[in-house]
Chemist: 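I am attaching a structure below and will ask some questions about it afterwards.
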Protein chains: 2
Amino acid sequence: MTDVATPPRSARRTANALREALEDDIAVGLYPPGTRLDEVSLAKRFSVSRTPIREALIELSASGLVEIRPRRGAFVREIGIPRLIEMFEVMAELEAMCARLASRRMDAAERAALMEAHERCSDAAKAGDPDAYYIANEAFHDAIYAGSGNGFLAEQARELKNRLKPYRRLQLRVRNRVGNSLAEHQAIVDAIQAGNDDEAARVLRSHILIQGERFNDFVASLAAAEKTRRAQG
Amino acid sequence: MTDVATPPRSARRTANALREALEDDIAVGLYPPGTRLDEVSLAKRFSVSRTPIREALIELSASGLVEIRPRRGAFVREIGIPRLIEMFEVMAELEAMCARLASRRMDAAERAALMEAHERCSDAAKAGDPDAYYIANEAFHDAIYAGSGNGFLAEQARELKNRLKPYRRLQLRVRNRVGNSLAEHQAIVDAIQAGNDDEAARVLRSHILIQGERFNDFVASLAAAEKTRRAQG
DNA sequence: TCAACGCTTTTTGTATACAAGGCTGCAGGG
DNA sequence: CCCTGCAGCCTTGTATACAAAAAGCGTTGA
């Protein structure tokens, strides 16, 4: 339910809030890839007019999460396996670049933040809590983005990660990916702390590529999601 | 590579046409960085209502070309020198990645296209026509993007190049950058044709970084533009 | 003279109204 | 039985109307 008691305070509050809400709904799987996003339904659901809905959809289309087909409406973008491979390939390179720069540029505070995020990952892994690990993992990678000393790069990395979120979410629950992931994190931290930039880049690159390469599991989860979707719609 | 980022041309024609028109106006310098983009003025200028103008501005804001400050309007984004360095750093890495992949993956047709673009660059350089070189240069780099075999990467590279366009345009007219640029192109082509992926990446990376590093010229041109802007506004 | 307050004006953000293109379904013909 | 053409509805795209916030400006008080 939408919080009707929330008073309209900041500007473009509706449109921005809507964008985030829709992003979340898509990431969470409420609107699976291929779903048509009807303007009037969304307007009704959020108790606003079509205008802010349209603006939110346009933003989402710019970020690549939805696709606006002229005169036909907005659809949650369907990302095929080949394109997903491409995206992971780019993601891996961006993260590798972050790691390379971070290992050269991070100051003491940033290194401390990285270590702490790593600790929290470790705790979540020990507790066997994949959701907590998901959160901590995000902070871990974010620490590396921030440590690159390149704000633009960090933004790009975050944005792409966000686009891949719906797919990685499934991914993390497969096998005992968490355990392996943590070991890889350790290697990354070691390389960064040692200031070994090539090694840091290499390890982080493969850390990401592993997610994209496990296509047995990957395709399986996609197929399952697809099956569910077809069964419902 | 099959699905090039082709924005819908037919419907939403006003909004899309407007976006492109505004992009062009900004790139060309009609609206210098910092300019306020008033909705009603733009609406009047293009003989449309505020709605499509707003939608175009939102798209431009998503692409980073303009900045929408809540309740205060849209402004052509001012990109400071530090951020520009960051952007060139990322651009260099993206292009290097393209070159690395291209030298491994390009087929005969793609190599031929690259050679032809290189020829046209050479012609333009010999003719001393910087505008023609600008066009041919774009095709040259585009050929490498396409040859990477990674359509998503190609899109990202094109988008970022587009964002940097207003700044590179000035850049290319400096000194005899064209001559050096052509020599660098030759080295890139050689490396790609030899299938030497590391070398291709290295050469292309520095080819881009050179543009970002010449900050004596760069700052000078920016300062000049700034001066002009202040004199006018 | 200067600063602070409030009013007015201007502009953005949202809702609604109107226009136009696509989709569906039915009917008629091959 | 299937295919096609037309009509009506439904959805998107654009224009206009309305609301609210911020900036400009003048007045007033110290």
Side-chain angles (χ1 to χ4, degrees), chain A residues 1-23 25-26 31 34-78 233, chain B residues 6-23 25-26 31 34-78 230 233:
Chain A
M1 287 300 149
T2 40
D3 193 352
V4 284
T6 312
R9 267 286 154 70
S10 81
R12 263 179 75 72
R13 170 193 151 290
T14 34
N16 271 305
L18 285 174
R19 182 178 51 71
E20 285 171 29
L22 288 174
E23 264 176 6
D25 289 345
I26 292 171
Y31 298 122
T35 307
R36 188 181 128 89
L37 299 172
D38 181 56
E39 293 181 0
V40 295
S41 310
L42 291 173
K44 241 181 267 183
R45 186 182 150 211
F46 289 103
S47 302
V48 294
S49 80
R50 277 176 53 219
T51 308
I53 295 284
R54 275 182 70 83
E55 299 192 347
L57 288 175
I58 288 168
E59 286 182 79
L60 289 173
S61 126
S63 83
L65 214 65
V66 315
E67 186 184 354
I68 294 181
R69 295 213 274 272
R71 285 276 182 201
R72 315 185 81 188
F75 299 78
V76 179
R77 183 146 186 182
E78 300 213 54
Chain B
T6 313
R9 280 264 148 66
S10 59
R12 266 175 70 73
R13 64 194 162 289
T14 32
N16 268 303
L18 285 173
R19 182 177 52 73
E20 286 173 26
L22 288 174
E23 264 175 7
D25 289 345
I26 291 170
Y31 298 122
T35 306
R36 191 183 125 90
L37 298 172
D38 181 56
E39 294 180 359
V40 294
S41 311
L42 291 173
K44 243 183 265 183
R45 186 181 150 212
F46 290 102
S47 302
V48 294
S49 79
R50 279 176 50 220
T51 310
I53 296 284
R54 274 182 71 83
E55 298 193 347
L57 288 176
I58 288 168
E59 284 183 80
L60 289 173
S61 125
S63 84
L65 214 64
V66 315
E67 186 186 354
I68 293 182
R69 296 213 274 272
R71 284 279 180 200
R72 315 188 75 180
F75 299 79
V76 180
R77 182 146 186 182
E78 299 214 55
R230 302 222 179 215

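Chain naming here is simple, since letters A, B, ... match the order of the sequence lines and numbering starts at 1 in each. What you are looking at is a predicted structure, and each value in this text was computed from that prediction instead of being measured.
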Chemist: Please report, rounded to the nearest Å, how far the P atom of C:dT11 is from the CZ atom of B:Arg69.
Modeler: 16 Å
Chemist: Hey, what do you get for CZ (B:Arg36) to CZ (B:Arg69), rounding to the nearest 0.5 Å?
Modeler: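 That separation rounds to 9.5 Å.
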Chemist: Taking CD from A:Glu55 and P from D:dT12, how many angstroms apart are they, rounded to a whole number?
Modeler: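 Going from CD in A:Glu55 over to P in D:dT12 covers 16 Å.
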Chemist: Residues two or more places apart in sequence or in another chain: which of them pass side chain to side chain contact (heavy atoms under 4.5 Å, CB included) with A:Ser49?
Modeler: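 Here the qualifying residues are A:Thr51, A:Pro52.
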Chemist: Who are the salt bridge (charged side-chain N to carboxylate O under 4.0 Å, His left out) partners of A:Arg19, not counting sequence neighbours?
Modeler: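 Testing A:Arg19 for salt bridge (charged side-chain N to carboxylate O under 4.0 Å, His left out), a comparison that skips the adjacent residues, returns A:Glu23, A:Glu59.
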Chemist: Starting at CZ of B:Arg54 and ending at C1' of D:dT16, how long is that distance when rounded to a whole Å?
Modeler: 14 Å
Chemist: Quick one: pull up CG in A:Asp25 and CD in A:Glu20 and give me the separation to the nearest 0.5 Å.
Modeler: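 One gets 12.0 Å once the value is rounded to the nearest 0.5 Å.
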Chemist: Any chance you could lay out the side chain to side chain contact (heavy atoms under 4.5 Å, CB included) test for B:Leu22 and B:Phe46, step after step, and finish with the verdict?
Modeler: CA-CA 10 Å; B:Leu22 288 174; B:Phe46 290 102; 4.1 Å; yes
Chemist: What do the steps show when you test B:Val40 against B:Arg50 for side chain to side chain contact (heavy atoms under 4.5 Å, CB included), and what is the final call?
Modeler: CA-CA 6 Å; B:Val40 294; B:Arg50 279 176 50 220; 3.8 Å; yes
Chemist: How close do A:Glu39 and A:Leu57 get, counting heavy atoms only, and between which atoms?
Modeler: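 Smallest interatomic distance, heavy atoms only, reads CG-CD1, 4.1 Å.
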Chemist: Shorter than 3.5 Å, N or O on both sides, protein versus nucleotides 22-25 of chain D: list them out with atom names.
Modeler:
from	atom 1	to	atom 2	distance (Å)
D:dA23	OP1	B:Arg72	NE	2.8
D:dA23	OP1	B:Arg72	NH2	2.4

Chemist: Between B:Leu18 and B:Leu42, is the side chain to side chain contact (heavy atoms under 4.5 Å, CB included) condition met? List the steps.
Modeler: CA-CA 9 Å; B:Leu18 285 173; B:Leu42 291 173; over 6 Å; no
Chemist: Could you give the CG-to-P distance, from B:Leu18 to D:dG13, as a whole number of Å?
Modeler: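 My rounded result for the distance is 14 Å.
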Chemist: I need the residues from residues 46-53 of chain B with at least one non-hydrogen atom less than 4.0 Å from DNA chain D; give them sorted by number, or say none.
Modeler: B:Val48, B:Ser49, B:Arg50, B:Thr51, B:Pro52
Chemist: Using heavy atoms and a sub-4.0 Å distance, could you list which residues of residues 36-45 of chain B are near DNA chain C? By number, please.
Modeler: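 Hits under 4.0 Å, by residue number: B:Arg36, B:Asp38, B:Glu39.
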Chemist: Taking atom CZ of A:Phe75 and atom CG of A:Asp38, what is their separation to the nearest 0.5 Å?
Modeler: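 Rounded to the nearest 0.5 Å, the CZ-CG separation comes out at 10.0 Å.
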Chemist: In chain order, what residues pass the salt bridge (charged side-chain N to carboxylate O under 4.0 Å, His left out) check against A:Arg72, with sequence neighbours excluded?
Modeler: none
Chemist: If I compare all heavy atoms of A:Val76 with all of A:Ile26, which pair ends up nearest, and what's the gap?
Modeler: CG1-CG2, 3.8 Å
Chemist: Rounded to whole Å, please give me the gap between CG in A:Asn16 and P in C:dT12.
Modeler: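 These atoms are roughly 16 Å apart.
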